[in-house]
Amino acid sequence: MSTTPDPTSAPAPATPARRSGAGWWLLLILLLAGAGAYGWKQWQARSQRERTETQIEQQLSAIDGRIDAVRRDQRAQVQRLQQADATNRVMRDELLGIGQRAALVEDTVAKLSDPDRYGAQALRLDETELLLTMGQQRLTIAGDLDGARRAYVLAGQVLDGIDDPAYLSLRQTLQQERAGLEAIGIEPRLQAMAELDAFAQTMTAAPPQLAGTTRERAPWWRRAFGHLIDVRPSERAVAVQPADRLAAIAGLQLEISLARAAAERRDATGFRAALARADGWLTRLWPESPELQRERARLKAIAARPLSLAIPTLGSTLQQLRQLRASS
């Protein structure tokens, strides 16, 4: 029996090794295919999710745009409503104004259609109002007391021609105001100027003489030694020399003229200041004596005179007439 191996049967043991290597490659391919399939699914899922998120963002942006548009439309509607409300208010005010003007027109037509009440009576009331206004202005501006009295008398005569009993209280007010004007007597400014003129004439006609300066009234020692010794009061600076006394008299007359000018323009402050300076010139002309005190008291009384009228009831008739005409 031969032990030599058969050459045809020698490679038979290598077949299982090749089969196991092919199995590993097949398993690797299957694993790679599974991993690729899984990765493909994950990529598709991620892509789908991204597309979904993009669509959601776009839809949210579109919704935000629609909300902004709705808000803009809402604001526009609110503005339109406000404008419409303002227009309605203006139209309502215009309608009210038209109604008021229509009522005024009706009242005017009614007044024009009533000849007994708004015909001759209206003319008399207009004339009365004009006279009262003139009287008040003449008294207030020009200080013309007589002119104001005549204007009030004429106004009373015109008012007496109105038979309407509604104006009875107006007649009583006019009588009270006329009584107040009559009680004044003379206008205060004119009275103060008259007294000032009288004082100035006294000073001009008989200028003050220094007592005891004449030789006949001087004591014996002054007559004996007057040409050697000149005795003067030391407590006050009284003008003794003729030139000084003439200058003092001129100063006094100047201050009186300034006081008269201030009284003409109703300047009470300037009037009293000028008379105060005139009082200083009096003390320059006179020594202390009863005559000086009398003249100073006279000058102070003139300075205390008022320059303007003070009538509490002045203008009350005119005001009441206007109120009655406005309410009728």
Side-chain angles (χ1 to χ4, degrees), residues 13-119 121-123 125-126 128-130 132-133 136-137 140-141 164 166-167 169-170 315-328:
T15 303
R18 287 195 299 269
R19 289 179 180 176
S20 64
W24 282 107
W25 281 107
L26 179 62
L27 180 61
L28 180 61
I29 291 171
L30 290 175
L31 289 174
L32 290 175
Y38 179 77
W40 172 258
K41 290 181 179 179
Q42 292 295 325
W43 180 78
Q44 284 185 342
R46 186 171 60 254
S47 299
Q48 183 66 28
R49 187 168 54 252
E50 290 178 354
R51 286 194 298 269
T52 304
E53 291 177 355
T54 303
Q55 291 176 358
I56 292 173
E57 291 178 357
Q58 292 176 354
Q59 291 176 358
L60 290 176
S61 300
I63 291 172
D64 291 338
R66 293 191 187 96
I67 292 174
D68 293 337
V70 170
R71 289 176 178 174
R72 288 193 298 270
D73 293 340
Q74 184 180 5
R75 286 195 294 268
Q77 292 294 334
V78 171
Q79 291 179 356
R80 293 192 190 97
L81 290 175
Q82 292 176 353
Q83 292 176 358
D85 190 15
T87 304
N88 291 333
R89 285 197 299 268
V90 172
M91 293 179 64
R92 184 168 56 251
D93 294 340
E94 290 180 355
L95 288 175
L96 290 175
I98 291 172
Q100 293 176 356
R101 287 193 293 271
L104 292 176
V105 171
E106 290 178 358
D107 293 339
T108 304
V109 172
K111 291 178 181 179
L112 293 175
S113 62
D114 190 359
D116 294 334
R117 184 174 180 83
Y118 296 100
Q121 179 175 327
L123 294 176
L125 291 177
D126 289 339
T128 303
E129 184 175 358
L130 177 61
L132 292 175
T133 304
Q136 183 178 356
Q137 289 178 352
T140 305
I141 298 175
D164 193 347
Y167 296 96
S169 61
L170 184 65
S316 57
T317 307
L318 179 60
Q319 183 179 2
Q320 185 176 355
L321 175 59
R322 289 174 176 172
Q323 291 177 353
L324 288 173
R325 299 193 70 181
S327 60
S328 61

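Nothing here was measured: the structure is a model prediction, and the numbers come from that model. For this chain, numbers begin at 1 and follow the sequence in order.
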* Residue pairs, two or more places apart or on separate chains, that pass ring pair (Phe, Tyr, Trp, His ring centres under 6.0 Å) and touch residues 41-71 -> Trp40-Trp43
* Excluding sequence neighbours, so at least two apart, what forms salt bridge (charged side-chain N to carboxylate O under 4.0 Å, His left out) with Arg72? -> none
* Looking at CD of Gln48 and CD of Glu53, how far apart are the two atoms once the value is rounded to the nearest 0.5 Å? -> 11.0 Å
* To do: Taking the side chain as every heavy atom from C-beta outward, state whether Leu132 and Gln136 have any atom pair closer than 4.5 Å.
  => no
* Structure fact -> For Gln137, the side chain to side chain contact (heavy atoms under 4.5 Å, CB included) test, sequence neighbours excluded, returns Thr133, Ile141
* Kindly compute the distance separating CH2 (Trp24) from CG (Leu31), expressed to the nearest 0.5 Å. => 9.5 Å
* Taking every non-hydrogen atom, the tightest pair across Thr317 and Leu170 -> O-CD1, 3.4 Å
* Structure fact -> residues 86-101 vs salt bridge (Lys or Arg N to Asp or Glu O under 4.0 Å), sequence neighbours excluded, gives Asp85-Arg89
* To do: Can you sort out the partners of Ile63 under side chain to side chain contact (heavy atoms under 4.5 Å, CB included), two or more places apart, ordered by chain and number?
  => Arg66, Ile67
* Separation between CD of Gln59 and CD of Gln55, rounded to the nearest 0.5 Å -> 6.5 Å
* To do: For Gln42, check side chain to side chain donor-acceptor pair (under 3.5 Å) against everything at least two apart and list the hits.
  => Tyr38
* To do: Return the set of residues passing side chain to side chain donor-acceptor pair (under 3.5 Å) with Glu129 (not counting sequence neighbours), or none when no residue passes.
  => Arg322, Arg325
* Structure fact -> Applying side chain to side chain contact (heavy atoms under 4.5 Å, CB included) to Ile56 and not counting sequence neighbours gives Thr52, Leu60
* Structure fact -> Contacts of Asn88 meeting side chain to side chain donor-acceptor pair (under 3.5 Å) (sequence neighbours excluded), chain-then-number -> none
* Using the test side chain to side chain donor-acceptor pair (under 3.5 Å), find all partners of Arg46 that sit at least two apart in sequence or belong to another chain. => none
* Residues that Leu95 engages under side chain to side chain contact (heavy atoms under 4.5 Å, CB included), provided they are two or more places apart -> none
* Got a second to check how far Trp25's CH2 is from Leu32's CG, nearest 0.5 Å? -> 9.5 Å
* To the nearest 0.5 Å, how far apart are CD in Gln74 and CG in Leu81? -> 10.5 Å
* Asked: Which residues pass the salt bridge (charged side-chain N to carboxylate O under 4.0 Å, His left out) test with Asp73, sequence neighbours left out?
  -> none
